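Working notes, beginning with the structure itself.
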Amino acid sequence: MELFIGGKQLKNAQISFDSNNKFDGFSVPVSFENDAKLLSELTDKATGLYNGQKIDILSITKIENFMYLVQARLSNSRS
C-alpha cells in the first residue's frame, strides 16, 4: 500500500474501505508525528495518490490528541 499526500508518503496510515470494498479514506494516530504534522497542514481540498491512483480529500477530522480521520475517494469515483 502506498499513500502519498502533498508529495510525501504517509507510512503509518490505516486504509479504510466502504461496504462495497472501495477506498473510503484513512486514519493516522497522532503519535506518528511526521504523518500527523503533514495532515495538520492540509485542507480538505488536498489531493494525493493511493497505489498510483489520484485521490481527493473530502474531510479531515482530528479526534482529540488521538487520531486524524480522513475521508477521501478515488478521483474517478462518484460520491
Side-chain angles (χ1 to χ4, degrees):
M1 180 278 306
E2 288 188 336
L3 178 64
F4 290 87
I5 304 295
K8 296 181 182 176
Q9 185 173 14
L10 293 177
K11 296 182 179 182
N12 302 294
Q14 256 323 81
I15 304 299
S16 61
F17 299 92
D18 66 13
S19 60
N20 295 318
N21 208 29
K22 292 184 181 178
F23 177 83
D24 190 47
F26 55 93
S27 60
V28 174
V30 171
S31 59
F32 292 107
E33 294 178 4
N34 290 338
D35 288 355
K37 182 177 185 304
L38 175 61
L39 291 176
S40 72
E41 297 169 349
L42 291 180
T43 66
D44 55 3
K45 302 284 189 264
T47 60
L49 292 173
Y50 170 65
N51 286 340
Q53 294 183 290
K54 186 177 177 193
I55 60 170
D56 296 317
I57 304 298
L58 304 176
S59 68
I60 302 168
T61 305
K62 184 179 181 184
I63 301 175
E64 306 276 325
N65 284 324
F66 175 64
M67 183 170 294
Y68 281 94
L69 296 177
V70 181
Q71 183 182 9
R73 68 171 180 221
L74 296 176
S75 292
N76 58 358
S77 299
R78 296 182 186 242
S79 48

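If you read the sequence from its start, that first residue is 1, and numbering goes on from there. Note that this is a predicted model, so its numbers are computed, not measured.
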Any chance [atom1] of [X] has more than 12 other-residue heavy atoms, nucleotides or ligands included, within less than 6.0 Å?
X   : atom1 : result
N51 : CG    : yes
D18 : CG    : yes
K62 : NZ    : yes

Measure the shortest side-chain to side-chain distance between [X] and [Y] over non-hydrogen atoms and say whether it is less than 4.5 angstrom.
X   : Y   : value
V30 : E64 : no
F32 : N34 : no
L74 : K22 : no
V70 : V28 : no

Rounded to the nearest 0.5 Å, what separates atom [atom1] in [X] from atom [atom2] in [Y]?
X   : Y   : atom1 : atom2 : answer
I5  : L39 : CD1   : CG    : 7.5 Å
D24 : R73 : CG    : CZ    : 11.5 Å
F66 : S31 : CZ    : OG    : 8.5 Å
T47 : L42 : OG1   : CG    : 9.5 Å
F26 : I60 : CZ    : CD1   : 7.0 Å
L3  : N12 : CG    : CG    : 11.0 Å

* Are I15 and I55 in one and the same hydrophobic cluster, where Ile, Leu, Val, Met, Phe, Trp and Tyr link if side-chain heavy atoms are under 4.5 Å apart? ->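 In one cluster with I15: I55, yes.
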* Asked: Got a sec, which pairs hit salt bridge (Lys or Arg N to Asp or Glu O under 4.0 Å) with one end in residues 30-39, sequence neighbours left out?
  ->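 Of all non-adjacent pairs touching residues 30-39, those that pass salt bridge (Lys or Arg N to Asp or Glu O under 4.0 Å) are K37-E41.
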* Asked: For residues 1-13, which residue pairs qualify under salt bridge (Lys or Arg N to Asp or Glu O under 4.0 Å), counting only residues two or more places apart or in two chains?
  -> none
* Y50 vs L10, side chain to side chain contact (heavy atoms under 4.5 Å, CB included): CA-CA, chis, key distance, verdict -> CA-CA 10 Å; Y50 170 65; L10 293 177; over 6 Å; no
* **Contacts of type side-chain contact (heavy atoms from CB on, under 4.5 Å), residue A36, not counting sequence neighbours** =>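 Testing A36 for side-chain contact (heavy atoms from CB on, under 4.5 Å), a comparison that skips the adjacent residues, returns Y68.
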